[in-house]
There are 2 protein chains.
Amino acid sequence: MKHSELIKGTLSTLILKLLEDKGKMYGYEIAQEIKEQSSGKIQIKEGSLYPALHKLEADGHVWAEEVFLGKRIRRYYHLTQKGKTQSTADLNELRQFLSTISSMVSPQNMLTS
Amino acid sequence: MKHSELIKGTLSTLILKLLEDKGKMYGYEIAQEIKEQSSGKIQIKEGSLYPALHKLEADGHVWAEEVFLGKRIRRYYHLTQKGKTQSTADLNELRQFLSTISSMVSPQNMLTS
DNA sequence: TTTAATGCATCAAGAATCTATGTATTTTTT
DNA sequence: AAAAAATACATAGATTCTTGATGCATTAAA
């Protein structure tokens, strides 16, 4: 098992959570923030991050504010109302899942022996 | 997000954990056990389960004992030594990941605001 | 008797991530 | 001043995993 396998299905939820907390963020910043909050254990690759952001945008969960910094462009992502609703639902589901899995893999677990 | 997306990367670890706890199990039994331990929240489909078992077998993490029940066949899976080692490593990694993600999505989390 | 449950299995499709690659600017180090 | 690292966006192909659908067959329950 590669650690990265475990992130599957959680990335978009993490992004929505961050946007909810911070108000607005750009891609690179999101990757750095996830890396920092996970103490370096979760490092999102660009090939995962940008497609995920584009999908969130296409689905209407976020919108992008384009800011020109000299010649460089920066896309700040913001939550939409739809994204806020989605974030709440996703977080609830993720937390419940984490709770369920945690109980199943806890060292002392032998529920039905 | 579909709930089922979240299971990705955890299924083989769950299977190894169950085999470690129970000694031996057959496919259908594993699916039922996961369903039961998760209070019905995680329901593994055959299309996920059997390929996962076959992969674990091909990788030498489990071996299959074939038992004939009348005309029906049943494949009991057992952990190999390699599988035991893998199980320990996978569980450690999964637990750490769960801990990390949990702290990131906990409601009060605003680590770097 | 017919439906549900048990028990194995595979295949095509869909979804998500990764690696690799590309472009370009800005900051830091040598 | 030059080189290296960090910043910042993006895409394409490959890989991996789960799903839904399907199939076969036996046994238990309605």
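Note that this is a predicted model, so its numbers are computed, not measured.
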Checklist entry - Quick one: B/Leu49 CG to C/dC8 P, roughly how many Å, whole number? => result 8 Å
Next on the checklist: Can you work out whether A/Arg75 or B/Ile44 has the more 5'-proximal nearest nucleotide on DNA chain D?
Outcome noted: A/Arg75
Item to check | Phosphate contact (C/dC8 OP1 or OP2) by B/Tyr28 side-chain N/O below 4.0 Å | outcome: no
Item to check | Sequence-aligned protein contact record of nucleotides 20-30 of chain D, with B where the base is within under 4.0 Å of a protein heavy atom and S where only the sugar-phosphate is | outcome: B-----BS---
Next on the checklist: Per the ring-ring contact (aromatic ring centres under 6.0 Å, His included) rule, what does the pair list look like for residues 31-56 of chain A, sequence neighbours excluded?
Outcome noted: none
Item to check | Donor-acceptor pair between B/Gln32 and B/Glu36 side chains, under 3.5 angstrom | outcome: no
Next on the checklist: Would you say A/Arg74 places a side-chain N or O within less than 4.0 Å of OP1 or OP2 belonging to C/dT25?
Outcome noted: no
Item to check | Close side-chain approach of B/Asp21 and B/Lys17, heavy atoms under 4.5 Å | outcome: yes
Next on the checklist: In whole Å, I'd like the distance from the CG atom of A/Leu56 to the C1' atom of C/dA16.
Outcome noted: 13 Å
Checklist entry - For A/Asp59 and C/dA15, what is the distance between atoms CG and P respectively, to the nearest whole Å? => result 11 Å
Checklist entry - OP1 or OP2 of C/dA9 less than 4.0 angstrom from a side-chain nitrogen or oxygen of B/Tyr50, does that happen here? => result no
Next on the checklist: Let's see if you can work this out: which of D/dT11, D/dT7, D/dA10 has an atom nearest to the side-chain heavy atoms of A/Pro51?
Outcome noted: D/dT11
Item to check | Beyond-backbone contact of B/Leu14 with B/Ile44, side-chain heavy atoms, under 4.5 angstrom | outcome: no
Item to check | D/dC9 phosphate, OP1 or OP2, under 4.0 Å from A/His54 side-chain N/O | outcome: no
Next on the checklist: Using a 3.5 Å distance criterion without hydrogens, assess whether the side chain of B/Ser99 forms a donor-acceptor pair with backbone atoms of B/Arg95.
Outcome noted: no
Item to check | Separation of D/dA8 P from A/Glu65 CD (nearest whole Å) | outcome: 15 Å
Checklist entry - Whole-Å distance between C/dG7 C1' and B/Glu33 CD? => result 17 Å
Next on the checklist: Students often get this wrong, so: under 4.0 angstrom with heavy atoms, is B/Leu11 touching a base, only sugar-phosphate, or nothing?
Outcome noted: sugar-phosphate
Checklist entry - Can you tell me how far P of C/dG7 sits from CG of B/Leu53, to the nearest Å? => result 14 Å
Checklist entry - Are A/Lys22 and A/Glu29 close enough for a salt bridge, meaning some N to O gap below 4.0 Å? => result no
Item to check | Sidechain-backbone polar pair: B/Ser87 side chain, B/Gly83 backbone, donor-acceptor under 3.5 Å | outcome: no
Item to check | Separation of atom NZ in A/Lys55 from atom P in D/dA10, rounded to whole Å | outcome: 17 Å
Checklist entry - Roughly how many Å is it from OH in B/Tyr26 to P in C/dA9, rounded to a whole number? => result 13 Å
